[in-house]
Amino acid sequence: MAAVTGFLEWVFALYFLIHIPVTLIIDLQLLLHGAGIYPQSMTELLKWYAVTFKDSMMLEPPPWFKSFICCEAALQLPFFPFAAYAFLKGGCKWIRTPALIYSSHVATTVFPILAHILFEDFSAAKHQGPETVQERLTLLSFYAPYLLIPVLLLLTMLFSPQYNQVEKRKKK
């Protein structure tokens, strides 16, 4: 079990390390659009992704989606470096409670995004959304890791003996 937990710690560290530039370079453009902060190459990268994979939420984000990005910026982004450090170091029991909070929060925000991709009627959308099952599944594949890895993190924090041990205190 310790080997599996060690492997998962590397997966989690990589997830958080990758998530920092993704948040800063891609996701925050939705909140800071028009502020002149991002170079043209970054705005073109976002537009290319959104048009190619028919992710209309990234071109014309609905208010509920923007609220999730606000949470990502204000709550999650500050957590990423601490989580990356804890999982790179390995065995940091202090990360358990923040990781439980993070993973629960993210799972409950990504789930509606996945449902939106699967069930929304994009025919009246200003920007083209996915129409076929294949297009919906392709777009879903970009978002699914942001549900699967936090759920895996949640389960690890709940059930791994390494993170779920009750320390015995000495009696005086």
Enquirer: Indicate if L155 and V4 have the same hydrophobic cluster label, given that clusters are the connected sets of ILVMFWY residues with side-chain heavy-atom separations under 4.5 angstrom.
Expert: yes

Enquirer: Within the distance-only criterion (no hydrogens, no angle test), does the side chain of T109 pair as donor or acceptor with the backbone N or O of V106 below 3.5 angstrom?
Expert: yes

Enquirer: Do the side chains of Y102 and W10 join up, straight or via other hydrophobic residues, at under 4.5 Å, putting them in one cluster?
Expert: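 They do not share one cluster, since no chain of ILVMFWY contacts under 4.5 Å joins Y102 to W10.
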
Enquirer: Please tabulate, one pair per line, all N/O donor-acceptor pairs under 3.5 Å involving side-chain atoms of residues 67-85, not counting sequence neighbours.
Expert:
residue : atom : partner : partner atom : Å
S67     : OG   : W64     : O            : 2.5
E72     : OE2  : T23     : OG1          : 2.6
Q76     : NE2  : H105    : NE2          : 3.2

Enquirer: Does the separation of the ring centres of F53 and Y49 fall below 6.0 angstrom?
Expert: yes

Enquirer: Answer yes or no: is there a side-chain heavy-atom contact under 4.5 Å between L158 and N164?
Expert: no

Enquirer: Can you list every side chain to side chain donor-acceptor pair (under 3.5 Å) pair that touches residues 144-156, not counting sequence neighbours?
Expert: none

Enquirer: With ring centroids as reference points, do Y143 and F111 lie under 6.0 angstrom apart?
Expert: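 Ring-ring flag for Y143/F111: false, centres at least 6.0 Å apart.
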
Enquirer: For residues I117 and P130, report the shortest heavy-atom separation together with the two atoms involved.
Expert: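 Closest pair (atom of I117, atom of P130, distance): O-CG, 4.4 Å.
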
Enquirer: How close do A144 and L114 get, counting heavy atoms only, and between which atoms?
Expert: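 Taking A144 first and L114 second, the nearest heavy atoms are N-CD2, 4.1 Å.
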
Enquirer: Which heavy-atom pair separates C92 from A86 by the least distance, and what is that distance?
Expert: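 Taking C92 first and A86 second, the nearest heavy atoms are SG-O, 3.7 Å.
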
Enquirer: Measuring from atom CG of L154 to atom CD1 of I149, what distance do you get when rounded to the nearest 0.5 angstrom?
Expert: 14.0 Å

Enquirer: Evaluate the side-chain proximity of S56 to Q128: yes if any heavy-atom separation is below 4.5 Å, no if none is.
Expert: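 Side chain of Q128 against side chain of S56, heavy atoms only: no contact under 4.5 Å found.
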
Enquirer: Answer with yes or no whether the hydrophobic clustering places F7 together with L148; edges join I, L, V, M, F, W, Y residues whose side-chain heavy atoms lie under 4.5 Å apart.
Expert: no

Enquirer: Does anything in residues 48-66 pair up under salt bridge (Lys or Arg N to Asp or Glu O under 4.0 Å), and if so which pairs, sequence neighbours excluded?
Expert: K54-E135, E60-K126

Enquirer: To the closest 0.5 Å, what do you measure between CD1 (I18) and CG (L14)?
Expert: 3.5 Å

Enquirer: Measure the spacing between CD of Q162 and CZ of R96 and express it to the nearest 0.5 Å.
Expert: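 Output value for this atom pair is 12.5 Å.
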
Enquirer: Is it true that L59 and L140 fall in one hydrophobic cluster, defined by side-chain heavy atoms closer than 4.5 Å?
Expert: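 Looking at the clustering, L140 is in a separate group from L59.
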
Enquirer: Do the side chain of E9 and the main chain of G91 share a donor and acceptor less than 3.5 angstrom apart?
Expert: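 Answer holds: yes.
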
Enquirer: Not counting sequence neighbours, which residues clear side-chain hydrogen bond (donor to acceptor under 3.5 Å, both in side chains) with W48? List them please.
Expert: T52

Enquirer: Does one hydrophobic cluster hold both F12 and F159, with members joined at side-chain heavy-atom distances below 4.5 Å?
Expert: yes

Enquirer: Tell me the closest heavy-atom pair linking R136 and H116, and the distance in Å.
Expert: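 For R136 versus H116, the nearest heavy atoms are NH1-O, 4.5 Å.
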
Enquirer: Please output the side-chain donor-acceptor pairs of residues 25-39 that fall under 3.5 Å, not counting sequence neighbours, one pair per line with the distance.
Expert:
residue : atom : partner : partner atom : Å
Q29     : NE2  : I25     : O            : 2.6
Q29     : NE2  : M42     : O            : 3.1
Y38     : OH   : L24     : O            : 2.5

Enquirer: Over all heavy atoms of both residues, which pair between D121 and S123 is shortest? Give the atoms and the distance, please.
Expert: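 Shortest heavy-atom separation between D121 and S123 comes out as OD1-OG, 2.8 Å.
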
Enquirer: Distance check, rounded to the nearest 0.5 Å: L8 atom CG versus S160 atom OG?
Expert: 8.0 Å

Enquirer: Side chains of Y15 and P145, heavy atoms from C-beta outward: is any pair under 4.5 Å?
Expert: no

Enquirer: Just jot down the side-chain hydrogen bond (donor to acceptor under 3.5 Å, both in side chains) partners of S41, sequence neighbours excluded, or say none.
Expert: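 So S41 forms no side-chain hydrogen bond (donor to acceptor under 3.5 Å, both in side chains) with any residue.
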
Enquirer: Could you tell me if the side chain of S103 sits less than 4.5 Å from the side chain of V151, heavy atoms only?
Expert: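 Not in contact.
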
Enquirer: Tell me, do F87 and F16 make a side-chain contact under 4.5 Å, heavy atoms counted?
Expert: yes

